[in-house]
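Counting starts at 1 for both ligands and their atoms, following the listed order. Reckoned from all heavy atoms, side chains included, excluding hydrogens, waters and symmetry mates. Keep in mind it's a predicted model, so treat the numbers as computed, not measured.
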Amino acid sequence: MPFSMILSTTVEAMRSGVFIIMEVSRRLKSIPPYVFAEIDKKRQAAVARGVDVINLGIGDPDQPTPAHIVEAMREAVLNPVNHHYPPFGGTKEYKAAAADWCHKRFGFTVNPDTEVTSLIGGKEGLHNTIMSFIDAGDVNLIPDPGYPVYKTSTILAGGEPYFLPLTHENDYLPDLEAIPSDVLQKSKLLILNYPNNPTAGVADLGFFEKAVSFARKHQILFCHDLSYSEMTFDGCKAPSALEIPGAKDVTMELHTLSKAYNMTGWRIGFAIGNAQAVKALAQLKSNVDTDIFRAIQVAAIAAFKGPRDHIEFCNKLYIERRDLAVKRLRELGWEVEPNKATFYMWLKTPKGISSAEFATEMLDRAGIVVPPGTAYGPAGEGYVRLSLCATAERLNEAFDRMAKHAITFDMGKARA
Ligand SMILES: *Cc1c(COP(=O)(O)O)cnc(C)c1O
């Protein structure tokens with residue numbers, strides 16, 4: 001521990017009247033604080049200063065969980081059968097309902113007993129998948145920009161993340177052929193995510209076919225994070241990688257109810273696909289957690305079996321907000337195309353202004369929270385992510401403030 005850190009820890013301890021120097025693990029020291037926790041601290045500090053902060057930084061649906069799901073939970077909570085330890089890997093009914101949902105939605109078939117396991121959300125599933133497959137010296141091929149867990153959990157596992165750049169020029173699809181052979185030799189895992197957070201990029205079956213044959217050729221597990229399967233617009237429909245014949249030989253997909261069913265607070269999802277991968281993940285999980293409250297599994301079954309009209313409703317809402325944002329951003333000088341999926345817009349920062357500088361100016365001058373693109377990886381430099389989880393009224397207020405404070409795409413030029 002550097003001396004300055006020992007000193008500050010000691011001073012802190014003395015203040016609180018406790019004289020203990022607690023040294024955290026090298027593992028924990030190897031990763032940064034969770035970026036969104038840090039961004040939230042800045043937001044809270046601005047709120048404490050009395051700023052009316054508009055938070056366009058979060059990927060959390062603002063609409064409530066559909067009533068029929070909440071009702072199912074209410075009933076299930078009252079049933080003492082559900083108060084006990086749940087079975088490892090999810091109840092039989094939950095796994096069957098998840099497999100049925102995938103069959104209806106994507107057309108592929110699995111054995112729910114061996115090819116499905118429950119998750120406490122996608123984030124947990126990603127971490128434990130990485131823990132199950134990555135050792136020291138192993139490489140995990142991950143998108144850049146990408147969901148921060150891909151990288152940090154790889155480092156926690158002692159492995160090395162290898163960034164696959166997603167750029168506007170390559171339609172936010174990685175060039176798998178460009179990965180050097182020495183990297184491939186050490187690679188154990190490929191993680192991809194379409195529809196994509198944060199770029200809003202989408203992939204078609206042709207791309208997944210390439211990813212699956214790449215994984216087969218190099219004997220790598222392909223883990224597809226399909227968190228946004230239902231959030232697509234303008235006739236775009238997101239496929240599952242498991243629709244590719246034979247994909248199950250090398251592919252496991254992670255699904256969550258968080259985004260499609262407005263259930264971010266409930267913490268439930270599932271992994272589906274390759275039986276060996278599902279078994280490994282379930283084995284690791286059984287050693288570190290004791291699954292999901294049964295009542296939540298009952299509620300999730302209600303989600304799988306229930307009507308889809310709220311999905312259509314929310315997508316319409318996101319389209320309206322997106323169209324509003326596109327119009328207002330164009331007025332402010334941005335060249336933006338409407339995103340076909342997800343509630344994110346991946347915006348270029350004005351010329352000469354870095355991601356971090358732009359995010360800071362947005363908060364300090366206009367009271368708007370947007371994460372810098374670099375929060376998602378080095379290729380995020382020159383971008384910020386704007387989320388559409390705010391009402392049209394708040395979005396309009398945000399763009400009004402940008403106009404008022406001369407935050408435009410040309411602001412860099414004006415300064416130069
Ligand atoms: C939201 C999200 C997840 C997981 O969310 P959970 O709430 O943990 O299920 C995983 N991957 C991406 C890309 C996400 O945006």
Side-chain angles (χ1 to χ4, degrees), residues 34-37 39-40 56-63 65 69 90 94 98 101 116-131 140 142-154 161 163-164 166 172-174 189-203 222-232 238 240-241 252-272 281 285 289 291-293 296-297 299-300 303-304 314 318 339 341-346 371 373 375-377 379-380 385-389:
Y34 193 54
V35 265
F36 300 110
I39 290 164
D40 205 58
L56 304 183
I58 44 163
D60 187 350
D62 56 308
Q63 295 298 303
T65 305
I69 301 173
Y94 175 69
W101 184 88
V116 178
T117 196
S118 56
L119 298 176
I120 312 170
K123 187 178 187 183
E124 179 265 323
L126 284 160
H127 172 74
N128 283 323
T129 297
I130 292 166
M131 285 295 163
N140 185 8
I142 62 171
D144 170 26
Y147 190 62
V149 175
Y150 308 153
K151 176 184 142 189
T152 45
S153 292
T154 304
F163 290 131
L164 308 172
L166 310 184
Y172 304 114
L173 298 170
L189 194 57
L190 165 70
I191 300 182
L192 296 175
N193 158 231
Y194 293 102
N196 184 257
N197 172 12
T199 67
V202 289
F222 171 29
C223 174
H224 184 221
D225 174 353
L226 190 41
S227 294
Y228 294 92
S229 63
E230 307 314 294
M231 207 183 282
T232 55
S240 157
M252 178 170 75
E253 210 156 53
L254 305 186
H255 292 251
T256 170
L257 281 85
S258 284
K259 312 293 165 49
Y261 293 95
N262 304 338
M263 288 174 73
T264 48
W266 299 61
R267 313 310 306 139
I268 187 161
F270 60 94
I272 189 163
L281 173 58
K285 277 173 58 57
D289 68 61
D291 226 79
I292 302 152
F293 182 27
I296 296 177
Q297 299 189 53
F304 291 137
C314 288
Y318 299 138
N339 44 300
T342 78
F343 43 31
Y344 304 116
M345 298 179 79
W346 190 232
Y376 307 89
R385 192 191 74 176
L386 188 141
S387 115
L388 300 169
C389 303

>> Tell me whether R267 is salt-bridged to E124, with the criterion being a basic N under 4.0 Å from an acidic carboxylate O.
In response: no

> Which of the numbered atoms in ligand 1 are below 4.0 angstrom from a heavy atom of N193?
Replying inline: 13 (C)

> Evaluating non-hydrogen atoms only, which member of R267, K259, M263, H255 is closest to atom 8 (O) of ligand 1?
Replying inline: R267

>> Could you go through Y261 and W266, starting from their C-alpha distance and side-chain angles, then the distance that decides it, and tell me whether this counts as side chain to side chain contact (heavy atoms under 4.5 Å, CB included)?
In response: CA-CA 10 Å; Y261 293 95; W266 299 61; over 6 Å; no

>> Suppose I only count heavy atoms of T256 and a 4.0 Å limit; which atoms of ligand 1 are within that range?
In response: 6 (P), 9 (O)

> In terms of atom number and element, which parts of ligand 1 are under 4.0 angstrom from non-hydrogen atoms of S258?
Replying inline: 6 (P), 7 (O), 9 (O)

> What about T264: any of its N or O atoms under 3.5 Å from an N or O on ligand 1?
Replying inline: no

> Which is it for N140 and I191 under the side chain to side chain contact (heavy atoms under 4.5 Å, CB included) test, yes or no, and what are the steps along the way?
Replying inline: CA-CA 8 Å; N140 185 8; I191 300 182; 3.6 Å; yes

> Going through the distances and angles, do L119 and L281 end up as a side chain to side chain contact (heavy atoms under 4.5 Å, CB included)?
Replying inline: CA-CA 10 Å; L119 298 176; L281 173 58; 3.9 Å; yes

>> Would N339 and Y344 count as a side chain to side chain contact (heavy atoms under 4.5 Å, CB included) here? Give the steps.
In response: CA-CA 8 Å; N339 44 300; Y344 304 116; 6.0 Å; no

>> Can you confirm whether more than 12 heavy atoms, excluding those of K285, are under 6.0 Å from its NZ atom?
In response: yes

> To the nearest 0.1 Å, how far is atom 15 (O) of ligand 1 from its closest protein heavy atom, and which atom is that?
Replying inline: Y228 OH, 2.6 Å

> Quick one: does K123 get an N or O within less than 3.5 Å of an N or O on ligand 1?
Replying inline: yes

> How far apart are the C-alpha atoms of Y94 and F304, what are their side-chain angles, what is the distance that settles it, and do they pass the ring-ring contact (aromatic ring centres under 6.0 Å, His included) test?
Replying inline: CA-CA 9 Å; Y94 175 69; F304 291 137; 5.8 Å; yes

> Relative to the heavy atoms of N197, which atoms of ligand 1 are at a distance of less than 4.0 Å?
Replying inline: 13 (C), 14 (C), 15 (O)

>> Need the ligand 1 atom indices (1-based, order shown) with element for anything under 4.0 Å from a heavy-atom of G121.
In response: 8 (O), 9 (O)

>> Counting non-hydrogen protein atoms only, what is the nearest one to atom 12 (C) of ligand 1? Give residue, atom name and distance.
In response: D225 OD2, 3.4 Å

>> Do N197 and T342 have side chains that approach each other closer than 4.5 Å (heavy atoms only, starting at C-beta)?
In response: no

>> Measuring from atom 6 (P) of ligand 1, which candidate in G122, S227, G265 has the nearest non-hydrogen atom?
In response: G122

